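Values in this document were obtained by computation on a predicted structure and should not be read as measured data. Both ligands and their constituent atoms are indexed starting at 1 by order of listing.
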Amino acid sequence: MTEKSLFSGSEASNYELKVIEDNLKRIKEKISLAMDKAGRKDRGDKVRLMAVTKTVPYEKVNYAVSLGIDLLGENRVQEFLSKNEFYDKKTEVHFIGGLQSNKVKYIIDKVKMIHSVDSIKLVDEINKRALSSGRVMDILIEVNIGNEESKGGFKSIDVDEAADYCAGLEGVKLRGFMTIPPIDVNGSNGRYFRQMQRIFADCRTRHSSIDTLSMGMSGDYEQAVLYGSNIVRIGSALFGNRKY
Ligand SMILES: *Cc1c(COP(=O)(O)O)cnc(C)c1O
């Protein structure tokens with residue numbers, strides 16, 4: 001199969017579309033319950049639902065958009081570029097995947113925010129490219145909250161320094177933090193989300209541009225909402241399990 005045929009022209013059956021609709025309804029209900037439980041509704045607090053599109057054909061993505069999804073999360077530069085032209089243009093797109101510095105130039109004018117800023121080298125490149133295209137890129141610092149060797153992102157002890165550094169750059173606007181906590185084996189990820197909530201609150205007092213906490217995926221978004229997440233990034237719970 002060519003790459004193009006993976007992401008386009010694959011007919012999404014009515015059945016598959018109905019499943020997406022049902023999934024979306026259930027996810028929204030669960031988010032709503034968690035918002036209630038956390039007392040966040042009373043405070044007029046909001047959470048955005050991002051549809052994570054990796055491996056999902058653009059027809060299904062556009063269907064989700066037709067149901068009201070207004071934020072897409074992209075992981076892979078090549079895949080994004082091959083699908084982007086087929087997306088409904090009014091939809092906001094954020095880049096959330098591991099990003100090599102040499103690929104920044106391909107997405108700099110195509111996304112509103114980059115969630116996966118995991119090194120100074122990367123933010124320097126984003127800053128440079130943003131300045132030369134006459135824009136300011138919204139960014140989130142990726143925090144390796146479990147201090148896992150296998151994962152990218154800043155360790156929690158380095159976050160303050162990274163935030164100060166990013167805040168000093170003119171081509172980027174530091175909006176907050178993103179995290180992918182360790183795989184949750186027994187529903188105990190609350191402590192990681194709580195640590196992120198604290199980092200977010202602390203940094204916010206020093207940088208007024210910070211307003212975004214991106215955490216929670218298919219397996220743990222309700223818990224993330226309890227700890228103040230305001231963007232949940234959901235792939236498989238919406239579109240079904242990824243086959244490749
Ligand atoms: C794939 C991915 C998601 C969504 O994962 P699901 O478990 O399918 O919801 C969220 N965030 C990032 C960074 C991802 O790569």
Side-chain angles (χ1 to χ4, degrees), residues 6-7 16 19-31 34 47-58 60-61 63-65 67 69-81 83-84 91-100 103-104 107 111-119 122-123 126 138-146 148 150-154 175-185 187 189 192-193 196 200 212-244:
L6 285 175
F7 308 123
E16 287 176 307
V19 169
I20 292 172
E21 191 175 349
D22 292 345
N23 287 344
L24 180 59
K25 198 166 156 235
R26 193 168 47 242
I27 292 164
K28 281 184 170 169
E29 281 166 7
K30 288 187 176 176
I31 289 175
V47 57
R48 290 187 83 184
L49 169 54
M50 166 192 283
V52 175
T53 71
K54 59 179 180 257
T55 79
V56 179
Y58 70 82
K60 288 189 186 176
V61 177
Y63 184 68
V65 169
L67 298 174
I69 289 286
D70 63 359
L71 179 57
L72 302 180
E74 297 290 327
N75 276 79
R76 299 166 183 161
V77 171
Q78 210 45 52
E79 179 181 335
F80 168 49
L81 296 177
K83 295 196 292 194
N84 187 37
T91 311
E92 189 173 325
V93 177
H94 293 182
F95 197 83
I96 64 172
L99 181 58
Q100 289 169 282
K103 302 249 173 88
V104 170
I107 64 163
V111 302
K112 172 75 171 56
M113 193 186 292
I114 297 174
H115 290 218
S116 40
V117 172
D118 59 1
S119 71
L122 177 60
V123 78
I126 295 170
D138 286 352
I139 59 160
L140 302 181
I141 290 173
E142 181 172 351
V143 183
N144 183 350
I145 197 65
E148 294 173 280
S150 61
K151 260 181 205 158
F154 289 89
R175 297 285 302 273
F177 305 98
M178 183 273 260
T179 198
I180 306 172
I183 291 170
D184 193 1
V185 282
N189 267 359
Y192 295 117
F193 290 139
M196 285 304 304
F200 177 61
T212 304
L213 182 55
S214 166
M215 60 184 192
M217 317 198 323
S218 290
D220 57 13
Y221 63 92
E222 294 159 272
Q223 205 178 17
V225 167
L226 294 181
Y227 293 100
S229 168
N230 55 25
I231 298 184
V232 290
R233 310 179 308 268
I234 298 189
S236 50
L238 179 62
F239 294 115
N241 286 329
R242 288 179 287 274
K243 293 184 194 68
Y244 48 90

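In this structure, atom 6 (P) of ligand 1 lies nearest to the protein heavy atom Ser218 OG, 3.4 Å. From the protein, the heavy atom lying nearest to atom 13 (C) of ligand 1 is Ile96 O, 3.6 Å. Nearest protein heavy-atom neighbour of atom 10 (C) of ligand 1: Met217 SD, 3.3 Å.
Taking every non-hydrogen atom of Gly235 and a distance limit under 4.0 Å, the qualifying atoms of ligand 1 come out as 4 (C), 6 (P), 8 (O), 9 (O). Taking every heavy atom of Ile234 and a limit of under 4.0 angstrom, the matching atoms of ligand 1 come to 9 (O). Close approach of ligand 1 to Ser236 (heavy-atom distance below 4.0 Å) involves ligand atoms 6 (P), 7 (O), 8 (O), 9 (O).
Side-chain atoms of Ser214 do not come within 3.5 Å of backbone N or O of Met178 as any donor-acceptor pair. Remark: side-chain polar atoms of Asn75 are not paired, donor with acceptor, to backbone N or O of Gly98 under 3.5 angstrom.
Shortest non-hydrogen contact noted between Thr179 and Val143 is OG1-O, 2.7 Å. Taking both residues in full, the closest heavy atoms of Val225 and Ala34 are given as CG1-CB, 3.7 Å, listed atom of the first, atom of the second, then distance.
Among Glu79, Lys60, Glu74, the single residue meeting the side-chain hydrogen bond (donor to acceptor under 3.5 Å, both in side chains) criterion with Thr53 is Glu74.
At least one heavy atom of Arg242 sits closer than 4.0 Å to an atom of ligand 1.
Between the choices Met50, Lys54, Arg233, the shortest heavy-atom distance to atom 14 (C) of ligand 1 belongs to Lys54.
In this structure the side chain of Phe177 never reaches within 4.5 angstrom of the side chain of Met215, judged on heavy atoms. Using a 4.5 Å heavy-atom threshold, the side chains of Met113 and Thr212 count as touching.
For Ile180, no nitrogen or oxygen atom sits less than 3.5 Å from a nitrogen or oxygen atom of ligand 1, counting backbone and side chain alike.
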